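Here the structure is a predicted model, which is why all the values come from computation and not from measurement.
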Amino acid sequence: MFSKYLGIFVVTTLILFPSFVFSEHAQVQNKQLSLDVSNANIRQFLPAAKSTAAYFFLANHSNSERVLKSASISKIGRVEMHEHVHHNGMMRMQQVSEVIISAHDNVAFKPGGYHLMAFEPTQVLKKGEQLTLTLYFANGEQLQSPIKVISLQDEIKQNGHDHSQHNHH
């Protein structure tokens, strides 16, 4: 009787062991994804605004390209990836389905370039609050990062475009 249970235990262990090892490896690998996010922030929604923008810097330190397929942000119902493009002398915004980050390269999600558009907040976003940004890649990897809620005024100051002391004629 004991040998029957021992046999079941051994077979089960041999079947499940690779998944335990893979799972542990995936957790270790996630800590060393060779991807990192910095300077992540999302603007507060302006009164009556249906959307807001989020920006961050994404670095790929690995030897292979990564393809960013989508993103989500806590307290936000829907997030889309967008880019600004120049067409016939006009700048316009368009949604993109993926962003490729080459090996040992980086992509800045910033005003006038790639950025995230956030829609349908589930709660009011408060200045200084930390939310969670999750990036989803084509190979199944996910990367989470804190993302700070900032005001439009803070963003203008951060980017060196503070005109609050400027007199207009």
Connected via hydrophobic side-chain network under 4.5 Å: Phe137 and Tyr114: yes
Inter-residue atom distance Leu46.CG - Thr52.OG1, 0.5 Å rounding: 6.5 Å
Aromatic centroids of Phe109 and Phe56 separated by under 6.0 Å: yes
Atom pair CD1 (Ile76) and CD (Gln123), whose distance is rounded to the nearest 0.5 Å: 10.0 Å
CZ on Phe57 to NZ on Lys110, rounded to 0.5 Å: 9.5 Å
Min side-chain heavy-atom separation Leu58-Leu135 under 4.5 Å: yes
Neighbour count above 12 (heavy atom, 6.0 Å) for Met91 CE: yes
Side chain to side chain donor-acceptor pair (under 3.5 Å) between Asn63 and His104, intermediate numbers included: CA-CA 7 Å; Asn63 292 324; His104 302 288; 2.6 Å; yes
Smallest separation among heavy atoms of Leu133 and Ala40, with atom names: CD2-CB, 4.4 Å
Flag side-chain contact, heavy atom, 4.5 Å: Glu141 against Tyr136: no
Audit row: Leu116, His82, side chain to side chain contact (heavy atoms under 4.5 Å, CB included) steps and yes/no: CA-CA 6 Å; Leu116 299 179; His82 286 231; over 6 Å; no
Hydrophobic cluster (4.5 angstrom, side-chain heavy atoms) - remaining members for Phe119: Met93, Met117
Distance in Å, Lys127 NZ paired with Ser151 OG, rounded so as to fall on 0.5 Å steps: 4.5 Å
Test item: Ser62 side-chain N/O and Ser34 main-chain N/O as donor-acceptor pair under 3.5 Å: no
Asn88: side-chain hydrogen bond (donor to acceptor under 3.5 Å, both in side chains) partners, not counting sequence neighbours: none
Minimum heavy-atom distance between Pro121 and Phe45, given as atom pair plus value: CD-CZ, 3.6 Å
Validation row: His84, His115 side chains within 4.5 angstrom (heavy atoms): yes
Minimal non-hydrogen separation, Glu65 against Ser102, with atom names: CB-CA, 4.0 Å
Close side-chain approach of Ile73 and Thr132, heavy atoms under 4.5 Å: no
Minimum heavy-atom distance between Arg66 and Leu35, given as atom pair plus value: CG-CD2, 3.7 Å
Members sharing Val67's hydrophobic cluster (side chains within less than 4.5 Å): Ile100
Test side chain to side chain contact (heavy atoms under 4.5 Å, CB included) applied to Val37 and Leu143, step by step: CA-CA 8 Å; Val37 173; Leu143 178 61; 3.7 Å; yes
Val107 side chain near Val99 side chain, heavy-atom distance below 4.5 Å: yes
Gap between atom CG of Leu125 and atom CD1 of Ile147 - 0.5 Å precision: 9.5 Å
Contact check, side chains of Ile42 and Leu131, non-hydrogen atoms, under 4.5 Å: yes
Glu129 bridged to Lys75 by N-O distance under 4.0 Å: yes
From CA spacing to verdict: side chain to side chain donor-acceptor pair (under 3.5 Å), Thr134, Gln144: CA-CA 4 Å; Thr134 305; Gln144 287 191 333; 3.3 Å; yes
Side chain to side chain contact (heavy atoms under 4.5 Å, CB included) evaluation trace for Gln94 with Val85: CA-CA 7 Å; Gln94 66 184 21; Val85 292; 3.8 Å; yes
Spacing of Lys69 atom NZ and Asn139 atom CG [to the nearest 0.5 Å]: 11.5 Å
